[in-house]
Asks: 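Below is a structure I'd like to ask you about.
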Number of protein chains: 2
Amino acid sequence: MIKIGELSKVTGCSVQTIRHYEKEHLIASVERSEGNFRLYDEAAVEQLLFIKHCRSLDLSLPEIRQLLALNRSPGAQCDDVNRMMDRHIEQVEARIQELTKLNEQLRMLRRSCSNRRTVEQCGILRNLSATPVSSG
Amino acid sequence: MIKIGELSKVTGCSVQTIRHYEKEHLIASVERSEGNFRLYDEAAVEQLLFIKHCRSLDLSLPEIRQLLALNRSPGAQCDDVNRMMDRHIEQVEARIQELTKLNEQLRMLRRSCSNRRTVEQCGILRNLSATPVSSG
DNA sequence: ATAAACTCTATAATAACTATAGAGTCAATC
DNA sequence: GATTGACTCTATAGTTATTATAGAGTTTAT
């Protein structure tokens, strides 16, 4: 049995984050010591690493909660998992597209000003003042 | 002189957003009518469109505040503007890289499960339980 | 006079943490 | 036994850029 500081070290999640996950019901409330300190076992380490892995994939806490619930009912069909992943992948790809477009606009804007000019002549500011591009 | 609802329509910014920008000093406090309603002129429309354009390029409110300040002192060198843009472009490109990597991982994970299996056999959940990838 | 549409301020919610205050616990040292 | 330091506890506020709400006042039209 380890205390929260140790769990934090082992998993790389901050102490506050662990307590936050408990409050959000991503990890169950655990045993306490006599002095009211949280005590974790190996299973808690595993679950926290699972959560961390999901977070590294940008899954939201509600999404992770859903995955954990599915994980707890092994007989269920995993269509739900797949649907969630598909939706998530779509979102990520949409965001990549957005940012790619954004990047082009920024680079174009940046090219409109070379250093050592005064703000008055600055192409960037002039262009920002012009009508925004349609797609926002 | 137009009221805030009209300004909202013209610029496409919500009424609350406009008030928020005022509180954050992106737009100056304006004249009020007898009944304490904000009254805007053409310059306010221009400035709000400038802000909106900047936001569409994902510039933060503090960044926009800085641009507006530069805009007000036309004699200043625009190196600062350029530095900000360069930093911003870097950030956007870093985020694109991150998301692209993320997308690959998600697709790989997704391939590990075909529908109509039970959660017990689900490759996605099994893989999420395994050690996270190094780069977070 | 009243209703509808608008505006005002102030406050809370959003996501996923991070940071802080103020108090309690525990092990070791003086 | 008292104190120090490292740790933990709860509760609360802050982060970003809005959005949403409550409760009140204003304007316009009927």
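All values below come from the heavy atoms of this structure, side chains included, with hydrogens, waters and symmetry mates left out. Order of the sequence lines sets the chain letters (A, B, ...), proteins ahead of strands, with each chain counted from 1.
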Asks: Rounded to whole Å, please give me the gap between CD in A:Glu63 and C1' in C:dA15.
Replies: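 In whole Å, C:dA15 C1' lies 12 Å from A:Glu63 CD.
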Asks: Does the A:Gln91 side chain pair with the main chain of A:Asp86, one donor and one acceptor, at a distance under 3.5 Å?
Replies: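 Not at all, since once roles are kept as given, no pair shorter than 3.5 Å links the two residues.
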Asks: Between atom NZ in B:Lys52 and atom P in D:dA17, what is the gap in whole Å?
Replies: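 For the pair B:Lys52 NZ and D:dA17 P, the rounded distance is 17 Å.
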Asks: Tell me, please, which residues at least two apart from B:Asp41 pass salt bridge (charged side-chain N to carboxylate O under 4.0 Å, His left out).
Replies: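 Testing B:Asp41 for salt bridge (charged side-chain N to carboxylate O under 4.0 Å, His left out), a comparison that skips the adjacent residues, returns none.
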Asks: For A:Ala94, is there any backbone N or O sitting under 3.5 Å from a side-chain donor or acceptor partner on A:Gln97?
Replies: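 It does not hold such a pair.
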Asks: Starting from C1' on C:dA16, measure out to CG on A:Leu48 and report it in whole angstrom.
Replies: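 In whole Å, C:dA16 C1' and A:Leu48 CG are 14 Å from each other.
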Asks: Using the side-chain contact (heavy atoms from CB on, under 4.5 Å) rule, pick out the option among B:Ile27, B:Ile2, B:Val30 that qualifies with B:Arg38.
Replies: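 Among B:Ile27, B:Ile2, B:Val30, the one that satisfies the side-chain contact (heavy atoms from CB on, under 4.5 Å) with B:Arg38 is B:Val30.
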Asks: Specify the angle, to 10°, made by the local axes at the two ends of the helix from C:dA1-D:dT30 to C:dC30-D:dG1 when five pairs are taken at each end.
Replies: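 For the helix from C:dA1-D:dT30 to C:dC30-D:dG1, the axes at opposite ends meet at about 40°.
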Asks: Would you give me the side-chain donor-acceptor pairs under 3.5 Å for residues 10-19 of chain A, sequence neighbours excluded?
Replies:
| unit_1 | atom_1 | unit_2 | atom_2 | d |
| --- | --- | --- | --- | --- |
| A:Thr11 | OG1 | A:Leu7 | O | 2.8 |
| A:Thr11 | OG1 | A:Cys13 | N | 3.3 |
| A:Ser14 | OG | A:Thr17 | N | 3.1 |
| A:Ser14 | OG | A:Thr17 | OG1 | 2.8 |

Asks: To the closest 0.5 Å, what do you measure between CD1 (B:Ile96) and CZ (A:Arg95)?
Replies: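 It is 9.0 Å, given to the nearest 0.5 Å.
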Asks: State which residues pass side-chain hydrogen bond (donor to acceptor under 3.5 Å, both in side chains) with A:Arg107; sequence neighbours excluded, sorted by chain then number.
Replies: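 B:Glu93.
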Asks: Looking at A:Arg65 and A:Glu24, would you say the former's side chain and the latter's main chain have a donor-acceptor pair under 3.5 Å?
Replies: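 Pair found, side chain donor or acceptor close to backbone of A:Glu24.
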Asks: Judged by atom type as modelled, is there a donor-acceptor pair below 3.5 Å linking the side chain of B:His88 to the main-chain atoms of B:Ser60?
Replies: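 Absent.
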Asks: Between A:Gly5 and B:Glu24, name the one whose nearest nucleotide on DNA chain D is closer to the 5' end.
Replies: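 Final value for this comparison: A:Gly5.
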Asks: Just to be sure I understand the geometry, which residues of residues 14-21 of chain B put a non-hydrogen atom under 4.0 Å away from DNA chain D?
Replies: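 B:Ser14, B:Gln16, B:Thr17, B:His20, B:Tyr21 - these, ordered by number, are the residues of the stretch whose heavy atoms sit under 4.0 Å from the strand.
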Asks: Nearest whole Å is fine: how far is D:dA17 C1' from B:Ile27 CD1?
Replies: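 Result: 14 Å.
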Asks: D:dC7 C1' sits how many Å from A:Tyr40 OH, rounded?
Replies: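 A:Tyr40 atom OH is separated from D:dC7 atom C1' by 14 Å.
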Asks: Side chain of A:Pro62 only, heavy atoms from C-beta on: which candidate in C:dT9, C:dA16, D:dT18 is closest?
Replies: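 Of the candidates, C:dA16 comes closest.
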Asks: Minimum heavy-atom separation for B:Leu59 and B:Arg55, please, with both atom names.
Replies: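 Scanning both residues, the minimum pair turns out to be O-NH1, 2.7 Å.
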Asks: Among D:dT10, C:dA16, D:dT12, which is the nearest nucleotide to the side chain of A:Lys23?
Replies: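 Of D:dT10, C:dA16, D:dT12, D:dT12 is nearest to the side chain of A:Lys23.
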Asks: Can you tell me how far apart NZ (A:Lys101) and OG (B:Ser56) are? Round to the nearest 0.5 Å.
Replies: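 Output value for this atom pair is 11.0 Å.
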Asks: To the nearest Å, give me how far apart CD (A:Glu6) and C1' (C:dC26) are.
Replies: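 Distance, rounded to whole Å: 16 Å.
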Asks: Go along nucleotides 22-30 of chain D 5' to 3' and tag each nucleotide: B for a protein heavy atom under 4.0 Å from its base, S when only backbone or sugar atoms are that close, - otherwise.
Replies: ---BSS---
Asks: Let me know the distance between NE2 of A:His25 and C1' of C:dA16, rounded to the nearest Å.
Replies: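 Nearest whole value for this atom pair: 16 Å.
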Asks: Distance check: side-chain N/O of A:Arg32 vs OP1/OP2 of D:dT10, anything under 4.0 Å?
Replies: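 It does, given that an N or O in the side chain of A:Arg32 lies less than 4.0 Å from OP1 or OP2 of D:dT10.
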Asks: If you round to the nearest 0.5 Å, how far is NZ of B:Lys9 from NZ of B:Lys3?
Replies: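 Going from NZ on B:Lys3 over to NZ on B:Lys9, the span is 10.5 Å.
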Asks: Taking only side-chain N and O atoms of B:Arg38, does any of them lie within less than 4.0 angstrom of OP1 or OP2 on C:dT9?
Replies: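 Yes, within the criterion.
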Asks: Atom CD1 of A:Ile51 to atom P of C:dA15: distance rounded to whole Å?
Replies: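 After rounding, the gap between these two atoms is 17 Å.
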